[in-house]
Number of protein chains: 2
Amino acid sequence: MKVKRTLQDVEKKIIAFFLKNGRMPTYSEIAEIIGVRSKSVVHFWVVKLLDAGILRKDAKGFLTLTKNPRSLRLAGEVCAGLPASAEDEIRDIISFDEYLIRNPDTSFLLSVTGDSMIEAGIREKDMVVVESNRAPQNGDIVLAEVDGNWTMKYFHRKGGMVVLEAANPKYSPIIPQADLRIAGVITGVVRKYHK
Amino acid sequence: MKVKRTLQDVEKKIIAFFLKNGRMPTYSEIAEIIGVRSKSVVHFWVVKLLDAGILRKDAKGFLTLTKNPRSLRLAGEVCAGLPASAEDEIRDIISFDEYLIRNPDTSFLLSVTGDSMIEAGIREKDMVVVESNRAPQNGDIVLAEVDGNWTMKYFHRKGGMVVLEAANPKYSPIIPQADLRIAGVITGVVRKYHK
DNA sequence: TTGACAATAGAACGATCGTTCTATATCATA
DNA sequence: TATGATATAGAACGATCGTTCTATTGTCAA
């Protein structure tokens, strides 16, 4: 029970609270989760965390986490000695949500079925982000209706014509009829191993 | 100036505040951002948002967004009539951060260079999530040191031996020396089009 | 042992929170 | 126009917030 309370302990418990509740804890709540009975003790630790730069106060005086607790180190290039040098705290790298999603309201997710874009590195069970009200550019990957089915194809403009091509030699290019229906443009791909 | 204030207006402004500040606004702040002068008017609108299920109160009475503002609709399968039916509000789909990152402390990001895993659908300039203290299983993609360089390979155990294979016929399988160094296991891939 | 410092407890305080009340102003419909 | 419903303003209130103070305990080194 003589467990020395460390800055890291307190930090971790506050981060855990934030991840669970989607907001920062009050001083009373911090008192509960770190196991002290007085708010003044919390104040004591919060000042330490502020000095250490782990916490901040925003313009209104509310506590804020300095860095996104889900952000990852970005190890720029795969080169010598990389993984050992964990010293570089370049954690300024983003949340994937911000990175991938420009407009949540016009985007949706799709679980990929089929192998039509296999050579573009899009495989079955990948998730793709589709942005629906964006005009397809030449070379974009689009979600289009072909023979009543929605599939992904490269979008090409050749002369005045639109050609839809799979990234798979198994499938032939398609020159759509007048009523080409395009659901959206693929703006991102996400794959997860070890479900 | 006779702009009717709608529920959606208020919702959007609160969400915008949340995304910008990482916390929910106070009533005074809501008054500012929606342009009213009295907190009682804010209360009036908040009750509406609560009734509509757009906002909630947590156990302590703090306002919370019911759904993650970055979450996307998941359109399950690519089949008929899909994109038109935006009625299905199955937005229960996650943030990519939660989806991809199990342990932020032991994971890091890598920008892919080279084509060694091209046939596994991992291409140059993709981002991969590497989890560093996880024991590689047979068939995993690992980040390993080969001839002083860090590259991605399939990890295979054949008999008592470890074989590292690229997903590219250009490169031959490698049977590493005794001092095999593995930086981690690839647990996710993220690609973004239209930077 | 003693003294200095780190850590905790508890009480009090002003400020701000969200709520509630009354009172107007605006809009829609009969 | 008359009437009810909708939307706004402003003041007041109790509750809780974070801060500050005093006081006590525990730890380590001189």
Side-chain angles (χ1 to χ4, degrees), chain A residues 1-69 105, chain B residues 1-69 89:
Chain A
M1 54 158 319
K2 278 279 88 51
V3 266
K4 282 287 285 282
R5 219 179 302 279
T6 71
L7 262 192
Q8 284 69 29
D9 291 340
V10 179
E11 175 187 10
K12 282 193 178 178
K13 289 186 175 171
I14 291 178
I15 288 177
F17 185 100
F18 178 81
L19 291 176
K20 183 179 176 189
N21 299 90
R23 63 173 174 85
M24 291 297 281
T26 66
Y27 278 42
S28 309
E29 287 167 331
I30 297 178
E32 282 184 30
I33 62 181
I34 71 174
V36 299
R37 278 185 292 180
S38 173
K39 283 194 295 176
S40 63
V41 181
V42 175
H43 184 263
F44 171 84
W45 285 102
V46 167
V47 168
K48 281 197 167 189
L49 290 167
L50 290 169
D51 288 344
I54 296 171
L55 293 183
R56 282 189 192 154
K57 294 199 172 192
D58 64 15
K60 277 299 243 5
F62 290 100
L63 288 182
T64 315
L65 289 175
T66 298
K67 63 185 175 192
N68 182 334
D105 292 325
Chain B
M1 51 161 318
K2 277 281 88 54
V3 266
K4 282 283 287 281
R5 219 180 303 279
T6 70
L7 261 192
Q8 284 70 30
D9 292 338
V10 180
E11 176 187 8
K12 283 192 180 180
K13 290 185 175 171
I14 291 178
I15 289 177
F17 185 101
F18 178 82
L19 290 177
K20 184 179 176 190
N21 299 88
R23 63 172 174 86
M24 292 296 281
T26 65
Y27 279 43
S28 308
E29 288 168 331
I30 297 177
E32 282 184 28
I33 62 182
I34 72 175
V36 299
R37 277 185 294 178
S38 172
K39 285 193 295 176
S40 63
V41 181
V42 174
H43 186 262
F44 172 84
W45 285 102
V46 166
V47 167
K48 281 197 166 190
L49 290 166
L50 289 170
D51 288 345
I54 295 171
L55 294 182
R56 283 190 192 156
K57 295 200 171 190
D58 65 15
K60 277 299 242 2
F62 290 100
L63 287 182
T64 316
L65 289 175
T66 299
K67 63 185 177 192
N68 183 331
E89 275 290 336

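By convention in this document, chain letters (A, B, ...) are assigned in the order of the sequence lines, proteins followed by strands, and residues within each chain are numbered from 1. These values consider heavy atoms only, across backbone and side chains, with no hydrogens, waters or symmetry-generated copies.
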Atom-pair distance ([atom1] on [X]; [atom2] on [N]), nearest Å:
| X | N | atom1 | atom2 | value |
| --- | --- | --- | --- | --- |
| B:Arg23 | D:dC17 | CZ | P | 15 Å |
| B:Lys57 | D:dA15 | NZ | C1' | 13 Å |
| B:Tyr27 | D:dT8 | OH | P | 15 Å |
| B:Leu7 | D:dT6 | CG | C1' | 13 Å |
| A:Glu29 | D:dT16 | CD | P | 12 Å |
| B:Leu63 | D:dC17 | CG | P | 15 Å |
| B:Ile30 | D:dA9 | CD1 | C1' | 17 Å |
| A:Phe62 | C:dA15 | CZ | P | 16 Å |

DNA chain D nearest-nucleotide lookup for B:Lys39 and B:Lys60: closer to the 5′ end is B:Lys39
Just to confirm, is there a sub-4.0 Å distance from OP1 or OP2 of [N] to any side-chain nitrogen or oxygen of [X]?
| X | N | result |
| --- | --- | --- |
| A:His43 | D:dG18 | no |
| A:Lys48 | C:dA7 | yes |
| A:Trp45 | C:dA6 | no |
| B:Arg5 | D:dT6 | no |

Please name the residue in the list B:Leu49, B:Leu55, B:Val47 that meets the side-chain contact (heavy atoms from CB on, under 4.5 Å) test with B:Asp51. B:Val47
Given [options], which nucleotide is nearest the side-chain atoms of [X]?
| X | options | value |
| --- | --- | --- |
| A:Phe44 | C:dT20, C:dC17, C:dA6 | C:dA6 |
| A:Val41 | C:dT8, C:dC17, D:dT19 | C:dT8 |
| A:Arg37 | D:dC17, C:dA9, D:dA9 | C:dA9 |
| B:Ser38 | D:dA7, C:dC17, D:dG10 | D:dG10 |

Check for a donor-acceptor pair, side chain of B:Asn21 on one end and backbone N or O of B:Phe18 on the other, with a separation under 3.5 Å. no
Taking A:Lys57's backbone N and O only, do any of them form a donor-acceptor pair with A:Thr64's side chain (distance below 3.5 Å, no angle check)? no
Have a look at A:Ser40 and say if it touches a base, only the backbone sugar-phosphate, or nothing, with a 4.0 Å heavy-atom cut-off. base
State, with a plain yes or no, whether a side-chain heavy atom of B:Glu29 is found less than 4.5 Å away from one of B:Arg23. yes
How long is the straight-line distance from CG of B:Asp58 back to CG of B:Leu63, given to the nearest 0.5 Å? 8.5 Å
